[in-house]
Amino acid sequence: TASTIGLLALALSGLALALPLPRRVVAVIAAVLAVVATGVGSLVLPDFSLWAAMAVGLVVALLMVSFDAMFERLPSAGSRQAAMSVASSAVCVSGLVVYMVGSALS
């Protein structure tokens with residue numbers, strides 16, 4: 001269930017990162033979406049407490065925003081595929097962290 005909660009946060013914070021808004025606004029939107037989604041997810045999955053789920057959502061959103069900011073500085077080599085791989089790196093690395101923590105908690 002921890003992986004499911006983390007996946008909800010990962011999906012919605014990734015969705016927020018795709019918005020064409022300033023970085024500070026996107027960070028707040030990503031955090032709010034992830035916290036709300038994991039809070040609702042904890043109501044559906046009774047094995048996970050509300051506060052723990054919301055904390056996981058916040059941490060995953062912060063990971064996503066920080067990895068996105070870090071990978072944004074990489075040069076995209078001019079091609080569309082290289083630019084998309086750099087943009088998806090934040091989702092991949094954050095997903096790996098969520099999977100590892102979820103596996104450790106299960």
Side-chain angles (χ1 to χ4, degrees):
T1 60
S3 295
T4 306
I5 296 293
L7 181 64
L8 281 171
L10 188 66
L12 288 178
S13 58
L15 180 69
L17 289 175
L19 295 173
L21 297 171
R23 174 80 42 209
R24 292 180 187 189
V25 175
V26 168
V28 172
I29 292 172
V32 169
L33 280 177
V35 168
V36 169
T38 53
V40 171
S42 74
L43 298 176
V44 174
L45 301 169
D47 298 342
F48 221 73
S49 74
L50 176 68
W51 296 109
M54 291 170 70
V56 168
L58 183 61
V59 168
V60 170
L62 291 176
L63 273 173
M64 282 288 290
V65 170
S66 61
F67 282 138
D68 185 59
M70 181 176 74
F71 289 128
E72 182 182 281
R73 297 171 192 247
L74 293 175
S76 61
S79 73
R80 182 175 176 90
Q81 288 137 348
M84 289 183 69
S85 68
V86 168
S88 65
S89 297
V91 176
C92 294
V93 172
S94 299
L96 177 65
V97 172
V98 168
Y99 174 75
M100 289 173 27
V101 170
S103 295
L105 293 176
S106 296

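Bear in mind the structure is a predicted one, so any value in this text is a computation, not a measurement.
Leu12 and Val65 fall within a single hydrophobic cluster, where Ile, Leu, Val, Met, Phe, Trp and Tyr are joined by side-chain heavy atoms under 4.5 Å apart, directly or via other members. Note: the hydrophobic cluster containing Val26 also contains Val60 (ILVMFWY, side chain heavy atoms under 4.5 Å, direct or indirect links). One hydrophobic cluster, built from ILVMFWY side chains closer than 4.5 Å, cannot hold both Ile29 and Val40; they sit in different ones. Using a 4.5 Å cut-off between side-chain heavy atoms of Ile, Leu, Val, Met, Phe, Trp and Tyr, with links allowed through other members, Val35 and Leu19 fall into different hydrophobic clusters. Linking Ile, Leu, Val, Met, Phe, Trp and Tyr residues whenever their side-chain heavy atoms come within less than 4.5 Å leaves Val44 and Leu7 in two separate clusters.
A pairwise comparison of heavy atoms in Leu8 and Ala37 identifies CD1-O, 3.8 Å as the closest pair. Scanning both residues, Met64 and Ser13, for their nearest heavy atoms gives CG-OG, 3.3 Å. Of all heavy-atom pairs between Ala31 and Ala61, the closest is CA-CB, 3.7 Å.
Between atom CG of residue Leu43 and atom OG1 of residue Thr38 there is a gap of 10.0 Å, rounded to the nearest 0.5 Å. Within the model, atoms OG1 of Thr4 and CG of Asp47 stand 10.0 Å from one another, a figure rounded to the nearest 0.5 Å.
Applying the salt bridge (charged side-chain N to carboxylate O under 4.0 Å, His left out) definition to pairs two or more places apart or across chains, those involving residues 13-30 are Arg23-Asp68, Arg23-Glu72.
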Ignoring hydrogens and angles, write down the donor-acceptor pairs under 3.5 Å from the side chains of residues 50-59, residues two or more places apart or on other chains.
none

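Applying the side chain to side chain contact (heavy atoms under 4.5 Å, CB included) criterion to Val32, with sequence neighbours excluded, gives Val28, Val36.
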